[in-house]
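All remarks here apply to the structure that follows.
Start at 1 with the first residue, then count along the sequence. Atom set for the values below is all heavy atoms of this structure, side chains included, hydrogens, waters and symmetry mates excluded.
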Amino acid sequence: MTDPVSSTSLDVVAVGHALVDVLSATSDEFIDAQGLAKGGMALIDAARATDLYAQMGPGTEVSGGSAANTVVGVASFGGRGAFIGRVRDDELGRVFAHDIRAAGLRFENAPAADGAPTGRCLILVSPDAERTMNTFLGAAAQLHPDDVSPDLVRAAAVTYLEGYLFDEPDAMAAFRFAAQTAHDAGRRVALSLSDTFCVERHRREFVALVEHDVDILFANDAEACALFETSALADALELVARHCDIAAVTKAAAGSVVVGREETVEVPAVPVDRVVDTTGAGDLFAAGFLVGLTRGEGLRRCGELGALAAAEVISHYGARPERRLADLAASPPR
């Protein structure tokens with residue numbers, strides 16, 4: 001098998017939804033009035049996206065998408081990354097492409113000339129920093145296997161797949177094509193479960209992926225339990241350890257637990273002065289963890305880098321780091 005680190009020109013290639021996030025501070029009363037599940041992610045159509053956007057308060061627009069956020073985090077650590085996703089040839093598509101390339105990443109997908117407009121995620125941030133996401137996927141959900149560059153996948157030590165992508169048939173096929181291409185090249189495949197609602201929609205397919213196609217699994221405790229239909233995290237970890245080389249499960253303020261073939265480690269969360277917005281916490285945890293892994297670090301250090309990145313991103317609005325993560329990682333602990 002080809003060495004997954006030394007013979008690669010990229011650390012991580014991420015495959016996921018190319019979205020532009022619109023973040024707005026709101027009240028719990030507004031969320032209730034809109035009939036939304038606080039803290040969840042709902043898929044909405046174009047009409048609902050237009051209506052909700054009109055009723056939201058002032059918003060901040062930033063390029064987003066779960067896997068895109070992760071690979072931007074990889075670049076902030078000084079890692080080498082690329083993103084595979086689909087945008088339309090419209091204003092938001094140009095915003096997304098500019099932002100991800102400006103982060104130092106390769107993004108080679110040409111904008112689509114037809115089909116749905118570029119996707120966007122309307123994120124309502126509650127006073128307790130919880131985020132409620134309403135996503136119009138648009139062009140992002142129309143990702144096709146032809147959009148996946150085999151050369152980029154083969155060049156990367158890890159192909160990181162976003163669970164949110166697993167909704168449309170073409171996107172599912174792109175997902176599987178990327179995973180197969182990575183394994184054929186001797187590379188590792190990582191999967192983020194993304195959301196409990198996502199797990200519940202695709203539990204059978206996700207379990208099959210974890211059993212046969214995934215080397216590294218990222219999830220929070222609720223997602224891990226939902227995958228195996230158990231209320232006990234220890235049971236979920238025992239089950240996932242039978243199939244994956246590594247499972248990294250976050251537990252919010254309680255830190256994370258990392259299960260490997262030969263060890264299990266508990267990693268504390270990095271404290272922050274004030275939690276402002278939890279959007280992107282899991283995405284950035286995955287970024288730090290993968291940077292550590294591709295550099296040959298042990299599981300504990302991988303988890304610590306993940307915790308560091310998550311702490312940075314929850315200290316401000318938006319799902320991408322405002323401070324260079326490589327600098328934070330190089331600073332001595334406080």
Side-chain angles (χ1 to χ4, degrees), residues 4-6 8 10-14 66-83 103-105 156-162 187-194 215-221 224 244-273 275 278-316 318-334:
V5 177
S6 63
T8 59
L10 295 172
D11 298 312
V12 179
V13 59
S66 177
N69 294 335
T70 294
V71 78
V72 167
V74 168
S76 184
F77 273 108
R80 305 159 301 167
F83 178 74
L105 297 162
V158 178
T159 293
Y160 178 80
L161 303 172
E162 174 187 323
R187 312 305 188 205
R188 284 169 150 173
V189 173
L191 168 68
S192 167
L193 291 183
S194 295
D215 306 299
I216 307 154
L217 182 70
F218 291 98
N220 64 28
D221 48 1
C244 294
D245 292 338
I246 299 169
V249 178
T250 57
K251 301 182 292 181
S256 63
V257 56
V258 183
V259 180
R261 292 296 188 188
E262 299 179 356
E263 63 175 330
T264 297
V265 297
E266 294 274 355
V267 180
V270 172
V272 298
D273 293 333
V275 177
T278 57
T279 308
D283 302 337
L284 269 295
F285 177 89
F289 193 96
L290 290 173
V291 164
L293 196 66
T294 57
R295 292 176 180 173
E297 300 282 2
L299 296 185
R300 181 173 300 279
R301 180 56 178 164
C302 291
E304 290 171 349
L305 290 172
L308 178 76
E312 193 284 335
V313 84
I314 65 175
S315 66
H316 57 77
R320 295 186 177 177
E322 291 184 348
R323 298 180 62 187
R324 189 167 181 267
L325 295 175
D327 295 337
L328 293 180
S331 301
R334 291 186 296 174

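By the side-chain contact (heavy atoms from CB on, under 4.5 Å) test, Ala319 is found to be paired with Asp21, Asn69, Thr279, residues two or more places apart in sequence or in another chain being considered. For Ala269, there are no side-chain contact (heavy atoms from CB on, under 4.5 Å) partners two or more places apart in sequence or in a different chain. A search for side chain to side chain donor-acceptor pair (under 3.5 Å) contacts involving Ser66 returns Asp283, not counting sequence neighbours. Legend: residues meeting ring-ring contact (aromatic ring centres under 6.0 Å, His included) with Phe285, ordered by chain and number and at least two apart, are absent. By the side chain to side chain donor-acceptor pair (under 3.5 Å) test, Asp215 is found to be paired with His183, residues two or more places apart in sequence or in another chain being considered. With sequence neighbours left out, Thr250 forms a side chain to side chain donor-acceptor pair (under 3.5 Å) with no residue at all. Remark: Val249 pairs with Asp221, Ala224, Leu233, Leu237, Val257 by the side-chain contact (heavy atoms from CB on, under 4.5 Å) rule, at least two apart or across chains. For Ala286, the side-chain contact (heavy atoms from CB on, under 4.5 Å) partners are Thr70, Tyr160, Phe218, not counting sequence neighbours.
Rounding to the nearest 0.5 Å places CD1 of Ile216 at 6.0 Å from CG of Leu290. Separating the OG atom in Ser315 from the CZ atom in Arg323 is a distance of 8.0 Å, to the nearest 0.5 Å. Rounded to the nearest 0.5 angstrom, Glu312 CD and Asp327 CG are separated by 11.0 Å. Going from atom CZ of Arg188 over to atom CG of Asp245 covers 6.0 Å, rounded to the nearest 0.5 Å.
Between Val291 and Thr294, the closest heavy-atom pair is O-OG1, 3.1 Å. Taking all atoms of both residues into account, the shortest heavy-atom contact from Gly78 to Ala326 is N-CB, 4.4 Å. The two residues Gly73 and Leu325 make their nearest non-hydrogen contact at O-CD1, 3.8 Å. Nearest heavy-atom pair across Pro321 and Val313 is N-CG2, 4.4 Å. For the residue pair Phe77 and Ala329, the shortest heavy atom distance occurs at CE2-CB, 4.0 Å. The two residues Ala310 and Leu284 come nearest to each other via the heavy atoms N-CB, 4.2 Å.
Without hydrogens or angle criteria, Asp11 side chain to Gly81 main chain gives no donor-acceptor distance under 3.5 Å.
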When the side chains of residues 299-308 are checked against the rest of the protein, which donor-acceptor pairs come out under 3.5 Å, sequence neighbours left out?
unit_1	atom_1	unit_2	atom_2	d
Arg300	NH1	Glu266	O	3.0

Kindly indicate, with the supporting measurements, whether the criterion side-chain contact (heavy atoms from CB on, under 4.5 Å) is fulfilled by Leu105 and Phe83. CA-CA 7 Å; Leu105 297 162; Phe83 178 74; 5.5 Å; no
